[in-house]
Amino acid sequence: MQHLYIWLLILGLGSAVSGIIHQDISAIANVDFDFIVVGGGTAGSVVASRLSENPNLQVLVIEAGPSNANVQDSMVPFNVFSLAGTRFDWNFTSTPQSGLNGRTLPYTRGHILGGSSSINSMFYTRGSSDDYNRFAQVTGDPGWSWDNIQSYIRKNERWTSPADQHDTSGQFDPSDHGFSGMTFVSLPGFSQEIDDMVIQTTKQLNHEFPFNLDMNSGKPLGLGWLQSTIGEGARSSAATSYLNLTVIQRQNLHILLETRVTRILPATNGTDLSFRTVELLSDSGAPVLVNASKEIILSAGTIGTPNILLHSGIGDKDELGRLGIASVIDLPDVGKNLTDQPVISINWATTSQNPFDGLLVNATLKATELAVWEQNRTGPMVTVGINHVAWLRLPSDSDILNQFPDPSAGQNTPHLELAIGSGMASFFPGHFVGVGGALVTPASRGTVQLGSNDVLAKPLIDPGMLNSTFDVMALRESIKSAKRFFAAPAWKGFVLGIAGPLANATTDQELESFIRGNVFPSGHIVGTAAMSPQGANHGVVDPDLRLKHASGLRVVDASVMPFVTCSHTQAPVYIIAERAVDLIKNDWNSP
Ligand SMILES: Cc1cc2nc3c(=O)[nH]c(=O)nc-3n(C[C@H](O)[C@H](O)[C@H](O)COP(=O)(O)OP(=O)(O)OC[C@H]3O[C@@H](n4cnc5c(N)ncnc54)[C@H](O)[C@@H]3O)c2cc1C
Ligand SMILES: *[C@@H]1O[C@H](CO)[C@@H](O)[C@H](O)[C@H]1NC(C)=O
Ligand SMILES: *[C@@H]1O[C@H](CO)[C@@H](O)[C@H](O)[C@H]1NC(C)=O
Ligand SMILES: *[C@@H]1O[C@H](CO)[C@@H](O)[C@H](O)[C@H]1NC(C)=O
Ligand SMILES: *[C@@H]1O[C@H](CO)[C@@H](O)[C@H](O)[C@H]1NC(C)=O
Ligand SMILES: *[C@@H]1O[C@H](CO)[C@@H](O)[C@H](O)[C@H]1NC(C)=O
Ligand SMILES: *[C@@H]1O[C@H](CO)[C@@H](O)[C@H](O)[C@H]1NC(C)=O
Ligand SMILES: *[C@@H]1O[C@H](CO)[C@@H](O)[C@H](O)[C@H]1NC(C)=O
Ligand SMILES: *[C@@H]1O[C@H](CO)[C@@H](O)[C@H](O)[C@H]1NC(C)=O
Ligand SMILES: *[C@@H]1O[C@H](CO)[C@@H](O)[C@H](O)[C@H]1NC(C)=O
C-alpha cells in the first residue's frame, strides 16, 4: 500500500492541472470549478472523492496541511503516539480550564491530507441507534435515523481480516458490517497476553460487563472486541481510502495542498445571499479568490470550520462587532455548543513478564518491532495496544441520574467507555495494564471563539471541561467500575496495585481532585456548527447541511453533530459525509 503519488505539474501549457498540487495556485487558474471543498480531512476527502466520480464535475480540494504519502508514522498504527506536536498537527491549546484547576489542554487536530483520520487512534465505533434517532428527532429529518443511515455505513466500510489472519468467529457479527465500501475496518491483528483474562471477566462479572458480540450493532452496551480503521496492518484513513492513487489521478479532481483558506466571501443578487467565493493565502501571503459555480463545502473540522465562518462575518453579530468584523449573517450558535468527551487514564502494575510491555517507551524494542512491521506488516505495531472496550450505562436508580437530567440519547446508550490497554500501550517503563475511561455523554458545553480579527491567529478553544458536576460524578463511576473490573478473579496473581496518585485516592473528594488534576480531552469535538430544524432560530445549518439564510455553502464535518455520539467520532463523520454527498448530488441532479 506504499503509494507513489504522481506529481502532475504541467505548467505553462494553459491546461488544467489535476492530481496533487503543492501551493501553486496558478496551476488551477484556468479551471471553472463546480465545487470547492475547504479542508481535505475526514469528511472533505469523502465529499471530494464522491463528487468527482462524475467526470463532468470539476472539484477542487484545498487543504492546509501536507500530503499523507509516505508519512510512516501515519501508516504504522502503533506510531499514532508520534504524530501529536508535529507538522501534521495544528497544535491547538485550550484556554485555561476553571474545572481543571486552571490547566490548559493540548488540542491535536490533523494538519495533513485525510485530516484527523490520518492521525487519530483508529477506533471504529458508530455509537448507538439512539444517537442517530436523536439526530433525526432534533433536526426533524428522519433521514438521519439509524435505519436510514445503514446504506451510508456500508458505502464507507470495507471489513477485512486482521493482520495476523486469526479466526475471528465469535468476535464480531458479519451482519452488522459492510464489505465493499472504502475504508478498511478490522479486528485487532495482534493478540495480547490479557485477552483471555478480559473475556473471562465478562463471565465472572457478567452483570456489569456482559460480552457484546458486536459493539457496532446500534446496541453498544457491554464488553467486546475493538474494531479499528486498519487494513493489511496499516492505518486506513480518508486519504488512503477515498483519495487513493487511482482517485487522485482523476482529471476533474484538483487537490491543492499546504494552502490555507481564510474566509468565504458573500455575493448578493437582489435579496439573496450566496457564498461561492473562497479566499485563500497564496505562497507569498497575498489573498487570492477562487469561485465555485455550484457550491462551497466547508469541511475544515470542528475548530477550522467555525474559525472560517466567524472570520467571514457569520456568527454572533455583537461578538464579531467587538472585534471589528462586519456581520454578514447573525448566527449566534457558530462556535457554540462545543462538546468533547473527557478521558481519565488509570494504570495497574502487573506481575507480567510480557516482552512487549513498555513498547511505547523503549526505543530499542520499538526499532526491532518496526523492522518486523516493515518486513510483512505484522507484529505488535499493527494495533495501538488496545483489543477490548467496555461500554457502560449508569444504573437507572443511580444518585447521579436522580440528580441530573440524563444526557444520553436513550436506553441503548452508554455513559462511560473503558478502553482496556495492554502493557504495550503504557507510558511507563515496566509492566502495567491500563484503562482509558471516557465520559461519552458529557453535559458540559464549550466554545470556539475569535480572539482577534487576524485571520491567521489561532482561535480561542474553551471546551468548558468538567464545568458540569454531572461529568465529574460520572467519571468517578468510571474509576470505580475499572477497579471492580480488575478485582475480578481472572486477574488474581496478575494485577497488583493501582499505579500513581490514584493509589491513595479513596473518598469521593479525593477521586474528584484526581479527576480534575488529570483528565484530558479525547479530541472527539462536535457541535460547533450544529444542525437544527429548517427555520429554527438556533443552530447553524439546516438538516441538509446548508448554511441557514444563504445559498451556496454547506458544512460537512463533525461540527454539524448537534450532540456527540456515545462513541469515538470518525465513523459518524464518514456516515454524515456519505449522506451529505447524496444530498448534494440530489440538489444538482448529478449521478
Ligand atoms: C488525537 C485524536 C485521536 C482521535 N482518535 C479517534 C479514534 O480512535 N476513533 C475515532 O472514531 N475518532 C477519533 N478521533 C476523532 C476523529 O478523528 C474526528 O472526529 C474526525 O476525524 C473529524 O473529521 P472532520 O472531517 O470533522 O475534521 P478533520 O478530519 O480534522 O478535517 C479537517 C481538515 O481541514 C483542514 N483545515 C482546517 N482549517 C483549514 C483551513 N483554514 N484551510 C484549509 N484547510 C483547513 C485540516 O487541516 C484538516 O485536514 C480522534 C481525534 C483526534 C484529534
Ligand atoms: C506544531 O509544532 C511543531 C513543534 O513545534 C512544529 O514543528 C510544527 O510545524 C507545528 N505544526 C504546524 C502545523 O505548524
Ligand atoms: C481506489 O478507489 C477506487 C474507488 O473505490 C477503486 O476503484 C480503485 O481500485 C482504488 N485504487 C487503488 C489503487 O486502491
Ligand atoms: C440572480 O438571480 C436571478 C433570479 O433568481 C437569476 O436569474 C440570475 O441568474 C442571478 N444572477 C446571478 C449572477 O447569480
Ligand atoms: C469570483 O467571484 C467574485 C465575487 O464574489 C468576483 O468578484 C470575481 O471576479 C470572480 N472571479 C472569477 C475568476 O470569476
Ligand atoms: C528495552 O527492550 C530491549 C529489547 O527487547 C530489552 O533488552 C531492554 O531490557 C528493554 N529496556 C527496558 C528499560 O525495559
Ligand atoms: C514477519 O517477519 C518477521 C521478522 O522477519 C518474522 O519473524 C515473522 O515470522 C514474519 N511473519 C509472517 C506472518 O510472515
Ligand atoms: C466554565 O465555567 C467557568 C466558571 O463558572 C466559566 O468562567 C466558563 O466560562 C465556563 N466555560 C464555558 C465554556 O461555559
Ligand atoms: C500512598 O500513601 C502511602 C502512605 O502515606 C505513601 O507511602 C505512598 O507513597 C503513597 N503513594 C502514592 C502513589 O502517592
Ligand atoms: C445549543 O443547543 C441547544 C439544543 O439544541 C440549543 O437550544 C441552543 O440554542 C444551542 N446554543 C447554545 C449557545 O447553547
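Indexing begins at 1, ligand by ligand and atom by atom, following the structure's order.
A salt bridge does not link E295 to R276: none of the charged nitrogens lies less than 4.0 Å from a carboxylate oxygen.
S236 OG to Y124 OH: the interatomic distance, rounded to the nearest 0.5 Å, is 11.0 Å. One distance of note links CG of N387 with CZ of F190; it measures 9.0 Å at 0.5 Å rounding.
The closest approach between W90 and ligand 1 falls below 4.0 Å for a heavy atom of the residue.
The protein non-hydrogen atom at the shortest distance from atom 2 (O) of ligand 2 is N91 ND2, 2.3 Å. Protein heavy atom closest to atom 11 (N) of ligand 8, with residue, atom name and distance, is N467 ND2, 3.0 Å. The nearest protein atom to atom 3 (C) of ligand 8, hydrogens excluded, is given as S98 OG, 3.1 Å; this is a heavy-atom distance.
When the options G304, S116, S299 are ranked by their closest heavy atom to atom 33 (C) of ligand 1, first place goes to S299.
Proximity of atom 7 (O) of ligand 8 to the protein is not indicated, since no non-hydrogen protein atom lies closer than 4.0 angstrom. Counting only heavy atoms, the protein gets under 4.0 Å from atom 14 (O) of ligand 8.
For H524, every heavy-atom contact with ligand 1 shorter than 4.0 Å involves the side chain, none the backbone. Heavy atoms of D462 found under 4.0 angstrom from ligand 8 belong to the backbone as well as the side chain. Contacts of V526 with ligand 1, taken as heavy-atom pairs under 4.0 Å, are absent altogether.
When only interatomic distances are considered, the shortest N/O to N/O separation between H111 and ligand 2 does not fall below 3.5 Å.
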